[in-house]
Amino acid sequence: MTRRLEGKTAVVTAAAQGIGEATARAFAAEGAKVWATDVNLEKLNDFEAVGGITTRRCDVTDDASIADLLVKTGAPDILFNCAGYVAVGSILQTSEADWDFSFELNVKSLYRMHKAFLPPMIDNGGGSIVNMASLASHLLGVADRAAYTATKAAVIGLTKSVAKDYLPDNIRANAIAPATVETPSLQERIEATGDAEAARAAFISRQPMGRVGTPEEIAHLAVYLASDESAYTTGQIHVIDGAMSL
Ligand SMILES: NC(=O)c1ccc[n+]([C@@H]2O[C@H](COP(=O)([O-])OP(=O)(O)OC[C@H]3O[C@@H](n4cnc5c(N)ncnc54)[C@H](O)[C@@H]3O)[C@@H](O)[C@H]2O)c1
């Protein structure tokens, strides 16, 4: 049986852990040749024995690092922009440094990645771009996530703009908007509260299904959006939230 991404090349950012890692593995399992990238090269070592995956350091806030990656990968068929950072706090609790860093990593990185990868993807006949947004965006106000929510609304806006502008070039761009997902950074946020048990219970209590999502569940959606199965879908926000927004 033909695998769903057979013959395709994929670039994944922030692939060393969490959703990016699960998605790199899922892409490879479906036959893609995957470039798993992260700013943290050491943490990419887990991929060493995984067939179909090549690792490469890439800092999505650094033009030179992105250009260096592009030289290696050439034009991918699939670009999964997964890198992102959760700043915690209301607007009055958010420092200017945290605000600026959030936009640098969550939004300007997309500016940089699209500027680098879109032209070769267009020259190559098109492809699928998947951008990592969040339910915390214009979709839902989430307490103490001011900068984060603003950045993810921007991710969705850019995704729609790219989908519209490059439709004639056979480029599709979609955004994934998850609710809380069990990843290392979630665990860090839980531990940072000082009362991990209460913090975990609070995360779970806002999920109607009584649990948070898994990285693998998000990866399944990313595979669909990366593959030709989703050929009739572009510029959309794909919510995957265990009914949090219902
Ligand atoms: N975990 C959740 O609950 C959740 C929910 C909705 C959306 N998201 C989004 O999903 C994405 C992944 O989150 P996660 O929780 O799976 O992963 P994570 O936060 O646990 O890991 C993030 C990864 O990004 C890498 N990274 C950090 N700075 C980088 C840079 N400059 N260049 C390249 N890589 C860099 C880190 O090394 C790390 O491997 C993020 O955009 C996040 O906002 C996560």
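In listed order, ligands and their atoms are each counted from 1. No experiment lies behind these values; they were computed from the predicted model shown.
Given atom 15 (O) of ligand 1, the protein heavy atom at minimum distance is Thr183 OG1, 2.7 Å. Protein heavy atom closest to atom 9 (C) of ligand 1, with residue, atom name and distance, is Met132 CG, 3.4 Å. The nearest protein atom to atom 20 (O) of ligand 1, hydrogens excluded, is given as Gln17 NE2, 2.7 Å; this is a heavy-atom distance. For atom 32 (N) of ligand 1, the closest heavy atom belonging to the protein is Val60 N, 3.0 Å. For atom 27 (C) of ligand 1, the closest non-hydrogen atom on the protein side is Val39 CG1, 3.9 Å. Scanning the protein heavy atoms around atom 24 (O) of ligand 1, the nearest turns out to be Ala14 CB, 3.3 Å.
By the 4.0 Å N-to-carboxylate-O rule, Glu104 lies close enough to Arg112 to be salt-bridged with it. By the 4.0 Å N-to-carboxylate-O rule, Glu217 lies close enough to Arg211 to be salt-bridged with it. A salt bridge links Asp228 to Lys8: at least one charged side-chain nitrogen sits closer than 4.0 Å to a carboxylate oxygen. Using a cut-off of 4.0 Å between Lys/Arg side-chain N and Asp/Glu carboxylate O, Glu30 and Arg25 are scored as not salt-bridged.
Hydrophobic clustering, with ILVMFWY side chains joined whenever heavy atoms are under 4.5 angstrom apart, groups Ile91 together with Phe103.
Neither the backbone nor the side chain of Asp62 comes within 4.0 Å of ligand 1, counting heavy atoms alone. The residue Ala177 has no part lying near ligand 1, judged by heavy-atom distances below 4.0 Å.
Taking every non-hydrogen atom of Gly18 and a distance limit under 4.0 Å, the qualifying atoms of ligand 1 come out as 16 (O). Within ligand 1, counting atoms from 1 as listed, the ones closer than 4.0 Å to a heavy atom of Asp59 are 30 (C), 31 (N), 32 (N). Below 4.0 Å from some heavy atom of Ala83 lie the following atoms of ligand 1, by number and element: 41 (O). In summary, the atoms of ligand 1 found under 4.0 Å from a heavy atom of Tyr148, numbered by their order in the structure, are 6 (C), 7 (C), 8 (N), 9 (C), 42 (C), 43 (O). Contact atoms of ligand 1 toward Ala16: 39 (O) (distance under 4.0 Å to a heavy atom of the residue). Here is the list of ligand 1 atoms found below 4.0 Å of a heavy atom in Ala133: 7 (C). Against a heavy-atom cut-off of under 4.0 Å, Ile19 is close to the following atoms of ligand 1: 10 (O), 16 (O), 44 (C). Near Cys58, meaning under 4.0 Å from one of its heavy atoms, ligand 1 places the atoms 32 (N), 33 (C).
Under a 3.5 Å cut-off, the side chain of Thr234 and the backbone N or O of Arg172 do not form any donor-acceptor pair. With Ser230 contributing its side chain and Leu225 its backbone, the two residues share a donor-acceptor pair below 3.5 Å. Lys152 contributes a side-chain N or O that, together with a main-chain N or O of Met132, makes up a donor-acceptor pair within less than 3.5 Å. Using modelled atom types, one side-chain atom of Arg57 and one backbone atom of Val39 make a donor-acceptor pair closer than 3.5 Å. For the pair Ser227 (side chain) and Tyr224 (backbone), a donor-acceptor distance under 3.5 Å is present. Arg3 contributes no side-chain N or O that, together with a main-chain N or O of Ala32, makes up a donor-acceptor pair within less than 3.5 Å.
Under the 3.5 Å distance criterion, with hydrogens and angles disregarded, no donor-acceptor pair is assigned to the side chains of Asp195 and Thr193. Side-chain contact annotation: Thr13 with Asn81, donor-acceptor N/O pair under 3.5 Å absent. Ser245 and Asp241 share a side-chain donor-acceptor pair at under 3.5 Å.
Other residues, nucleotides and ligands place no more than 12 heavy atoms under 6.0 Å from the OH atom of Tyr166.
Within the structure, the closest approach of Gly213 to ligand 1 does not fall below 4.0 Å when heavy atoms are considered. Taking a 4.0 Å cut-off on heavy atoms, Ala179 registers as neighbouring ligand 1. The closest approach between Glu188 and ligand 1 stays at or above 4.0 Å for every heavy atom of the residue. Ligand 1 lies nowhere less than 4.0 angstrom from a heavy atom belonging to Pro215.
In terms of N/O distances under 3.5 Å, ligand 1 is approached by Cys82. When only interatomic distances are considered, the shortest N/O to N/O separation between Ser185 and ligand 1 falls below 3.5 Å. Looking at ligand 1, you'll find an N or O of Val181 within less than 3.5 Å of one of its N or O atoms. Below 3.5 Å of separation, one finds no N or O of Tyr85 facing any N or O of ligand 1. Taking distance alone, with nitrogen or oxygen atoms compared against 3.5 Å, Lys152 approaches ligand 1 more closely than that limit. Not a single N or O atom of Leu186, backbone or side chain, sits closer than 3.5 Å to an N or O atom of ligand 1. Taking only nitrogen or oxygen atoms, main chain and side chain alike, Pro178 does not reach within less than 3.5 Å of ligand 1.
Nearest residue to atom 36 (C) of ligand 1 from Thr37, Asp38, Ile66 is Asp38 (criterion: closest heavy atom).
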Please list, one pair per line, the donor and acceptor atoms closer than 3.5 Å that link side chains of residues 141-150 to other protein atoms, with sequence neighbours excluded.
unit_1	atom_1	unit_2	atom_2	d
Thr149	OG1	Arg145	O	2.6

